[in-house]
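As structure tokens, the structure follows; a few thoughts come after it.
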Amino acid sequence: MIDFSAIIWGYIYMVTIGIIAMTIYGMATRPNIVKKLILLSILSDTGNLIAVMLGVHSGVIKPPVFPGISFTNHEEVGSDVLKEFSKSAVDPIPQVLVVTAIVIGLAVLVFLGYVSLLLYQKYGTLDVRLLEKKIKGEAK
Amino acid sequence: MKNKEILLGVLAGLIVLALVYLLVSLAIIIVPPQEDNRWLASWFLETTYNSERKELWSASPEVVTSILWDYRGLDTVYETSVFFFAIIGGLMLVRSVKIDPSKLGIRGMSVISKTVTKIVLVSIPVVAVSVALHGHLTPGGGFQGGSIFAVASLLAIVALGVGFLYRRGWSKVRLLGFRTMGLIIISIVIMAVFITGLTIGATGYIMQNQWKPWAPIGYGYLINLGLLGNVLYSGSLIFLNIAEFLAVSAGLSLAFIIMALPREELIKGGDLE
């Protein structure tokens, strides 16, 4: 009997890790700064995806929120009910790490966007090979 | 040049192989994922809304927000300050930029895009505010609501022009003020229990949410609102979510607005030549 679950999970991990490899390669070789930024954001999103996937396994599909509670409906819940609930909810800890990572990644991306915008305004190019020459004064 | 690229590709592959080896050998990735490596998750899932263990709970059914703003709250405050300084650093690069309303783009895109954008522009902020306000009850919170709101302002900039937002009073000073207000609310909320504890001589901690047996001051979690009856607000979580929503939405909107300014203004602002 083939274990399809293992094959599918292995495939997903291989694809995400392959994306990480490609983004690292692309950041090292592509000369355009905007392409480097795009690859950087893909890299961080793939890392976040792996982190969230670590908390999921088969049979565990509910969000880590106890259902049925609202502003006005707030009955007290005991240990037994919550023990049942925790068996079907995904791991909340990777999600916590990812929530802040996304917003901070966005802020850092905005900062790098400002830097590359000003570089383009000053030197007229975002090609790192040309930029190096222009900063040294070898090319106009 | 070609050899160098091949070398870099091989190097990237090696780094990733080392990463995979580490993850698998330390049993962080198990294929397929197993149920028995989640005792920490079970602890949080069983404690955050457990009314039988009120010395440990955070009075919120939303486990992610509870960890984010209660159990691991100081870390989130530091990450908020990282966000703050990243935006400040970006604005410093164009520090002397002056927004001149007469030079801003007011044409935007076509009539169809403008009309659709105006319809959507009502609903996106409503969803954002709802996500932020329900942060302690449903998936979401201040970070998520703020990011959704920033999408609305980005959409307005692209489809209607920067001048649209500026003429509605979204000036640099006002957005900076909103963002600073959010951060001030966060610092007041996290220090309030500690300072109250100092003044009345009881134990209180920074970032404390609910009372503990040895630290009897807390925010409580129910408030009586007359017609609505008792309303669950989960202590400091709702205040922190609202403040974070203000900070994130205003900060990102300001960053997008400045980035969309005309080229000459940015050059002047960056003190280039």
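Order of the sequence lines sets the chain letters (A, B, ...), proteins ahead of strands, with each chain counted from 1. Please read these numbers as outputs of a predicted model, since none were measured by experiment.
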Atom group of [X] that falls short of 4.5 Å from chain A, counting heavy atoms:
{"X": "B:Leu133", "value": "backbone"}
{"X": "B:Tyr71", "value": "neither"}
{"X": "B:Leu225", "value": "neither"}
{"X": "B:Val82", "value": "side chain"}

Applying salt bridge (charged side-chain N to carboxylate O under 4.0 Å, His left out), which residue pairs with at least one partner in residues 66-86 of chain A are found, sequence neighbours left out?
-> A:Glu76-B:Lys54, A:Glu84-A:Lys87
Walk me through it: do A:Met27 and A:Leu40 pass the test side-chain contact (heavy atoms from CB on, under 4.5 Å)?
-> CA-CA 7 Å; A:Met27 275 198 288; A:Leu40 183 69; 3.9 Å; yes
With only heavy atoms counted, which part of A:Val81 is less than 4.5 Å from chain B, the side chain, the backbone, both or neither?
-> neither
Can you say whether A:Phe71 sits under 4.5 Å from chain B via the side chain, the backbone, both, or neither, judging by heavy atoms?
-> both
Below 3.5 Å, can you tabulate the donor-acceptor pairs from side chains in residues 242-262 of chain B to any protein atom, sequence neighbours excluded?
| unit_1 | atom_1 | unit_2 | atom_2 | d |
| --- | --- | --- | --- | --- |
| B:Glu244 | OE1 | B:Thr80 | OG1 | 3.3 |
| B:Ser249 | OG | B:Phe245 | O | 2.6 |
| B:Ser249 | OG | B:Leu246 | O | 3.3 |
| B:Ser253 | OG | B:Ser153 | OG | 3.0 |
| B:Ser253 | OG | B:Ser249 | O | 2.7 |

B:Trp57 ring center near B:Tyr221 ring center (under 6.0 Å) = yes
How about B:Phe84: does its CZ atom have over 12 heavy atoms from other parts shown lying under 6.0 Å from it?
-> yes
Evaluate whether atom CD of A:Glu132 has more than 12 neighbouring non-hydrogen atoms of other residues, nucleotides or ligands under 6.0 angstrom away.
-> no
Part of residues 95-111 of chain A lying next to chain B, heavy-atom separation under 4.5 Å = A:Gln95, A:Val96, A:Leu97, A:Val99, A:Thr100, A:Ala101, A:Val103, A:Ile104, A:Leu106, A:Ala107, A:Val108, A:Val110, A:Phe111
What residue, out of A:Pro67, A:Ala89, A:Pro63, A:Pro94, has the most heavy-atom pairs lying under 4.5 Å from chain B?
-> A:Ala89
Under 3.5 Å, which donor-acceptor pairs link side chains of residues 14-25 of chain A to any protein atom two or more places apart or in another chain?
| unit_1 | atom_1 | unit_2 | atom_2 | d |
| --- | --- | --- | --- | --- |
| A:Thr16 | OG1 | A:Ile12 | O | 3.0 |
| A:Thr16 | OG1 | A:Tyr13 | O | 2.8 |
| A:Thr23 | OG1 | A:Ile19 | O | 3.1 |
| A:Thr23 | OG1 | A:Ile20 | O | 2.7 |

